[in-house]
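Indexing begins at 1, ligand by ligand and atom by atom, following the structure's order. This chain uses plain numbering: 1 for the first residue, then up along the sequence.
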Amino acid sequence: MNRILKHIPVMKKELIHSLKIKENGIYIDSTFGTGGHSHEILKKLGKDGKLYSIDKDPIAASIGNNIKDSRFHIINENFSRLLDYAKNKKIIGKVNGIIFDLGVSSLQIDDYKRGFSFKQDGPLDMRMNPNHGISASEWLFKSNVNKIAFVLKNFGEERFSKKIAYAIKYASQIKKITSTLELANIIRKAIPIKNKFKHPAKRSFQAIRIYINQELEEIKKALESTLKILRPGGRISILSFHSLEDRIVKKFMIKNSTKATIPYGMAITEKQLNDLKICKLKIINRISPTQSEINDNPRARSSILRVAEIKK
Ligand SMILES: C[S@@+](CC[C@H](N)C(=O)[O-])C[C@H]1O[C@@H](n2cnc3c(N)ncnc32)[C@H](O)[C@@H]1O
């Protein structure tokens with residue numbers, strides 16, 4: 001239970017402030033985790049306010065199920081299904097704010113049984129929802145060198161991706177890799193140049209986790225759906241923890257806040273012209289954590305909070 005209490009939400013004050021919470025507004029917390037942000041939102045809501053929270057992790061959802069508050073609803077789902085959820089709750093175009101606090105929670109990473117950590121030994125799983133998809137162990141076993149190297153390079157920006165992929169496949173021929181420390185040791189041995197400030201398996205574990213949970217695809221789908229769910233003036237606040245996530249968020253905000261330009265002389269219908277003119281978002285802010293927050297919570301170091309608003 002202590003582990004659950006240890007998840008410290010990053011930039012909590014800034015994120016909640018960015019929502020400009022209205023007492024009777026409707027809000028969505030797409031990444032409930034252990035509920036740090038959800039509880040703050042509930043504190044600011046009046047009796048007619050509503051908070052819909054989502055988490056794909058069944059353990060996180062069960063924490064949410066313990067909150068007895070008629071203004072609060074939790075669902076154990078992928079946030080890529082946000083639009084279906086909003087349709088089901090009849091809140092399309094009515095929502096005042098949606099937040100995303102991306103990545104894994106301490107509840108997941110600190111629990112060796114979940115298989116996310118390269119520092120503690122546990123079963124090599126890495127699924128946020130262990131009831132869906134395949135474990136990291138199964139995936140490594142059935143994938144070829146090229147596929148593994150692709151994932152390590154593209155989702156972990158690992159420059160020794162090929163060397164590591166070969167080492168993983170070589171080890172798998174002798175015995176299927178089933179534990180986190182087994183994998184961490186294979187990676188450590190395969191890397192020719194070590195960075196003394198970073199664990200050699202950090203990038204590869206991040207890459208495999210992102211792939212296994214389809215994290216980048218999930219974000220892209222969910223962000224697009226927010227445009228339909230939010231009301232004019234509604235806010236979207238997204239906290240990301242690495243450049244792959246932040247790049248998607250930034251691109252989404254720029255794309256939807258910039259007018260497209262039409263090449264001179266290009267034939268275009270009036271409807272197409274009007275569609276092009278619509279830019280749905282106004283970018284509000286980009287916030288980094290303070291040095292004092294980074295000192296207190298090293299997880300904050302790489303975080304970026306981006307905030308945008310649906311145009312009125
Ligand atoms: C950083 S934690 C959120 C922590 C939370 N804000 C708090 O204060 O406790 C991210 C959470 O999002 C969940 N999550 C990540 N990707 C998801 C997805 N695609 N769909 C639903 N939940 C997801 C994870 O299971 C995890 O519990």
Considering distance alone, does some N or O of [X] sit under 3.5 Å from an N or O of ligand 1?
| X | value |
| --- | --- |
| H37 | yes |
| L102 | no |
| D29 | no |
| N78 | no |

Is the closest side-chain heavy-atom distance between [X] and [Y] below 4.5 Å?
| X | Y | value |
| --- | --- | --- |
| D57 | N129 | no |
| I148 | W139 | yes |
| M126 | T180 | no |

Provide the number and element of each atom of ligand 1 under 4.0 Å from a heavy atom of [X].
| X | result |
| --- | --- |
| S105 | 2 (S) |
| D101 | 1 (C), 2 (S), 3 (C), 4 (C), 5 (C), 6 (N), 10 (C) |
| G35 | 7 (C), 9 (O) |
| P9 | 8 (O) |
| D57 | 25 (O) |
| T34 | 7 (C), 9 (O) |

Identity and separation of the nearest protein heavy atom to [atom]:
| atom | result |
| --- | --- |
| atom 8 (O) of ligand 1 | G36 N, 3.0 Å |
| atom 20 (N) of ligand 1 | F79 N, 2.8 Å |
| atom 5 (C) of ligand 1 | F32 O, 3.3 Å |
| atom 22 (N) of ligand 1 | K56 N, 3.1 Å |
| atom 27 (O) of ligand 1 | D55 OD2, 2.7 Å |
| atom 19 (N) of ligand 1 | E218 OE1, 2.7 Å |
| atom 15 (C) of ligand 1 | M128 SD, 3.2 Å |

Look at the aromatic rings of F72 and F32 and report parallel, tilted or perpendicular, splitting at 30° and 60°.
tilted

Carboxylate-amine/guanidinium proximity below 4.0 Å for [X] and [Y]:
| X | Y | answer |
| --- | --- | --- |
| K175 | E182 | yes |
| K13 | E40 | no |
| K153 | E158 | no |
| R114 | D125 | no |

Heavy-atom distances under 4.0 Å decide this one: backbone, side chain, both or neither, for E77 against ligand 1?
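Contact part for E77 vs ligand 1: backbone (N, CA, C, O).
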
Do you know which of E215, K220, M253 makes side chain to side chain contact (heavy atoms under 4.5 Å, CB included) with I248?
K220

Could you pull out, from I63, T31, I99, the option with a heavy atom nearest to atom 12 (O) of ligand 1?
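Of the listed residues, T31 has the closest heavy atom.
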
Tell me if the aromatic rings of F79 and F100 count as close, with their centers under 6.0 Å from one another.
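Yes, the ring of F79 comes within the 6.0 Å limit of the ring of F100, centre to centre.
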
Minimum heavy-atom distance between G103 and M128, given as atom pair plus value:
O-CE, 3.8 Å

Please confirm whether R209 makes a cation-pi placement over F116, using NZ or CZ under 6.0 Å from the six-membered ring centre and within 45° of the ring normal.
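Relative to the ring axis of F116, which defines the angle, R209 lies outside at least one limit.
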
Please confirm whether Q108 comes under 4.0 Å of ligand 1, counting heavy atoms of the residue only.
yes

